Amino acid sequence: MEHMELYEAIFKRRSVRRYAGPIDEGTMEEVESFARSLKPLHPGIRTELRVLNDDGVRGPFKVSAPHFLAIYSEEADGHAANAGFMLQQMDLFLSSRGIGSCWQGGPRPTGDAKKVSGLGFVISLAFGVPGEDVHRRSTAEFKRKPLEDITDIGGMNDILEAARLAPSGMNRQSWYFTGGGDVIRVHYARSMLTDQMNRVNAGIALCHLWLAALHEGSAAELVREEGQDAPRGFSYVASVMLK
Ligand SMILES: Cc1cc2nc3c(=O)[nH]c(=O)nc-3n(C[C@H](O)[C@H](O)[C@H](O)COP(=O)(O)O)c2cc1C
């Protein structure tokens, strides 16, 4: 899978909440193979992915879908953003293949799937043969905040637009972007109730920034800069270097 195909899916993907059925075996093999190739945001954090079925997952706001791709991780600094960064590559891959998908913030695995190889569950992505549109016809159909509400960077609009369109839990868009020149820094909105989800959201936005920066021909190195300040109410997550 080329990064270009993932990048293009940013501008047309949408959450699919109605499913017509399971994907066939060959397609599942492709999905599992792509899942093994995901780039981490923080390579030092151990993760594992598992495909679960509808019975294997339970909880609020669950969509009825044939498959759920669950990500498990060791608990380490940045692990929720890392999970968001990785699974968003999956969301874009599925969309580019015409497979429906929807992030699932509420539901959790049941039984044996609660833990895998000693790693705790972080979040999952429902997927399957879509029973509704997988793509939007234009970016005007995205309900998102304007760029000036989520960044104080002047310019770099092409790259920031990719982050602006990113999906987020309850469509909160709980992120803020600072920097300019050769760097974009990503911050997440701290929250009593949705802190973990907001960190996942920041990882999703970082995934879109990374793909957009690669598309612009940059090396798009992902780094965690030491001692970074964040705007009030936000915490620093990571940066994309644009050189
Ligand atoms: C971390 C996260 C958790 C989410 N949890 C749920 C969920 O539990 N149920 C659901 O129906 N949608 C869920 N969504 C989907 C969002 O509601 C959706 O991405 C957002 O409203 C933007 O719409 P779009 O994905 O169609 O662009 C979640 C999205 C993210 C990123």
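Throughout, numbering of the chain's residues begins at 1 and tracks the sequence. Predicted model, so just to flag it, every value in this text is computed and none were measured. In each ligand, atom 1 is the first atom listed, and ligand 1 is the first ligand listed.
Residue contact check: I123 has heavy atoms under 4.0 Å from atoms 1 (C) of ligand 1. Close contacts of ligand 1 with N201, meaning ligand atoms under 4.0 Å from a residue heavy atom, involve 1 (C), 31 (C). If you number the atoms of ligand 1 from 1 as listed, the ones under 4.0 Å from a heavy atom of G106 come out as 8 (O).
The residues E225 and R185 are annotated as salt-bridged, a charged nitrogen and a carboxylate oxygen being separated by less than 4.0 angstrom.
Distances from atom 3 (C) of ligand 1 to the heavy atoms of S174, G203, S95, G105 put G105 nearest.
Among protein heavy atoms, the minimum distance from atom 13 (C) of ligand 1 is reached at W103 O, 3.1 Å. Nearest protein neighbour of atom 10 (C) of ligand 1, counting heavy atoms only, is R17 NE, 3.6 Å.
Within the structure, ligand 1 has R13 among the residues with a heavy atom less than 4.0 angstrom away. Distances shorter than 4.0 angstrom do not occur between any heavy atom of L165 and any atom of ligand 1. Under a 4.0 angstrom heavy-atom cut-off, R172 registers as lying outside contact with ligand 1.
Ring centroid separation for the pair W210 and F85 comes in under the 6.0 Å cut-off. Taking the six-membered ring wherever Trp is involved, the centroid distance between the rings of Y176 and H187 does not fall below 6.0 Å.
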Anything under 3.5 Å between a donor and an acceptor, one on a side chain of residues 38-48, the other on a protein residue two or more places apart or in another chain? List them.
residue	atom	partner	partner atom	Å
E48	OE1	R50	NH2	3.1
E48	OE1	S117	OG	3.4
E48	OE2	S117	OG	2.7

Identify every side-chain donor-acceptor pair in residues 57-64 under 3.5 Å, counting partners at least two apart or on other chains, and give the distances.
residue	atom	partner	partner atom	Å
K62	NZ	D54	O	2.7
K62	NZ	D54	OD1	2.8
K62	NZ	V57	O	2.8

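Applying side-chain contact (heavy atoms from CB on, under 4.5 Å) to F127 and the options D91, V16, V51 leaves one that passes, V51. Between E141 and the options K143, R144, R137, a salt bridge (charged side-chain N to carboxylate O under 4.0 Å, His left out) holds for only R137.
Inclusion of R136 in the set of residues having an N or O under 3.5 Å from an N or O of ligand 1 is warranted. Between I204 and ligand 1, a contact under 3.5 Å exists for no N or O pair.
Contacts between S168 and ligand 1, counted as non-hydrogen atom pairs separated by less than 4.0 Å, involve the backbone only. The proximity of E141 to ligand 1, defined as any non-hydrogen pair under 4.0 Å, does not occur for either the backbone or the side chain.
Residues V134 and L92 do not share a hydrophobic cluster, defined by chaining ILVMFWY side chains whose heavy atoms lie under 4.5 Å apart.
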